[in-house]
Amino acid sequence: IEPAMYIFYNICVFFATLDLAGFLYTTYMIEQSVVDIVFHSAQSHILLVQHINPKAYGKWGLPGGHVEKNESNDQAIVREVNEELGVILNVDALSKPVMHTHKLSDGTLYIHTYFVIWQHAPIKLQDSELIGYGWFDIHTINTLANNLRSAWLPSLLADNPIPLQH
C-alpha cells in the first residue's frame, strides 16, 4: 500500500472508532423548519389529520411537514398538502404564515403555519403518510389535548382566531 493510502486508511479507522455522529448530535443544537396549515371551513371547523409516523401514531395534528433543502416555505406547504391530501394548493392564495418556535431537547423547531379557507376540494389520503382526517371545532380540539400531535395547537388557534365566514 502506498504511504498516502495507508495514512488515509488509518485516519478513517480512527474516526470510525469515535462516535463522531453522536458527538455532533449532542454537542450542536439542531434547528429544523417545518410548515403546517390550518384549513378552516366556513363554519370555523379545522381539518386535522392522523399521521402514520410511529412517534405520533393516531394522534391528531395539522397537515404539513419538513421543509426540504433549497425549498421555500411556500413550496414546502404546497408539496406537503399534495403528498398528504392529494390537494393542489395555489401558492398565490396562501396567507403569510405565522411563525412560532418549539424548543426541543436538542434544538429548536421553527414552525410556519398557514391559515387557508377550505375550498371543498376532495381529499385523497395518502396511505403512506396518513391514517385518517376529520373536521373539528375549537372546543373539541381543546378536549383532545392528550391526543394531539402538537400540544401547542390549542394556543396557536387561540392566538390566531378563525373568523366566521358569511
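For the numbers below, each heavy atom of this structure counts, side chains included, while hydrogens, waters and symmetry mates do not.
- Looking at heavy atoms from C-beta onward, His112 lies out of side-chain contact with Val98 at the 4.5 angstrom threshold.
- Note that NZ of Lys69 and OG of Ser33 are 14.0 Å apart. Values are rounded to the nearest 0.5 Å.
- Take Ser72 and apply the side-chain hydrogen bond (donor to acceptor under 3.5 Å, both in side chains) test, not counting sequence neighbours, and it matches Gln75.
- Both Val38 and Val34 belong to a common hydrophobic cluster when Ile, Leu, Val, Met, Phe, Trp and Tyr are linked at side-chain heavy-atom distances under 4.5 angstrom.
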Working for side chain to side chain contact (heavy atoms under 4.5 Å, CB included), residues Leu89 and Leu94: CA-CA 8 Å; Leu89 282 179; Leu94 292 174; 4.0 Å; yes

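- The distance between the ring centers of Trp118 and His40 does not fall below 6.0 angstrom.
- Residues Phe115 and Phe39 have side chains not in contact (no heavy-atom distance under 4.5 Å, counting atoms from C-beta outward).
- Hydrophobic clustering keeps Ile123 apart from Ile117 (ILVMFWY residues linked when any side-chain heavy atoms are closer than 4.5 Å, directly or through intermediates).
- In the hydrophobic cluster analysis, where Ile, Leu, Val, Met, Phe, Trp and Tyr join through side-chain heavy atoms closer than 4.5 angstrom, Tyr133 is grouped together with Ile77.
- In this structure, Asn82 contributes its side chain and Val78 its backbone to no donor-acceptor pair below 3.5 Å.
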All N/O donor-acceptor pairs, side-chain side in residues 60-68, below 3.5 Å, sequence neighbours left out:
none

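- For residues 83-99, the set of pairs meeting the side chain to side chain donor-acceptor pair (under 3.5 Å) definition, not counting sequence neighbours, comprises Arg79-Glu83.
- No single ILVMFWY cluster, assembled from side-chain heavy atoms under 4.5 Å apart, contains both Val35 and Leu109.
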Any chance you could lay out the side chain to side chain contact (heavy atoms under 4.5 Å, CB included) test for Arg149 and His51, step after step, and finish with the verdict? CA-CA 9 Å; Arg149 182 174 183 187; His51 285 265; 2.9 Å; yes

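- At least one side-chain heavy atom of Val116 sits under 4.5 Å from a side-chain heavy atom of Ile37.
- Clustering of Ile, Leu, Val, Met, Phe, Trp and Tyr by side-chain heavy atoms under 4.5 Å joins Ile52 with Tyr57, Ile131.
- Across His102 and Ile111, no two heavy atoms sit closer than the pair CB-CD1, 3.9 Å.
- In this structure, the side chains of Leu153 and Leu48 come closer than 4.5 Å at one or more pairs of heavy atoms.
- What you find for Gln50 and Gly58 is that their closest heavy atoms are NE2-O, 2.8 Å.
- Contacts of Tyr114 classified as ring pair (Phe, Tyr, Trp, His ring centres under 6.0 Å), with partners at least two apart in sequence or in another chain: none.
- Pairing each heavy atom of Trp152 with each of His100, the nearest pair is CZ3-CE1, 3.3 Å.
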Please list every donor-acceptor pair under 3.5 Å in which a side-chain atom of residues 136-148 meets a protein atom from a residue at least two apart or in another chain.
unit_1	atom_1	unit_2	atom_2	d
Asp137	OD1	His139	N	3.2
Asp137	OD1	Thr140	N	2.7
Asp137	OD1	Thr140	OG1	2.8
Asn142	ND2	Ile138	O	3.4
Thr143	OG1	Thr140	O	2.6

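- Ile46 and Leu130 sit in two unconnected hydrophobic clusters of ILVMFWY residues. Membership requires side-chain heavy atoms under 4.5 Å apart, directly or through other members.
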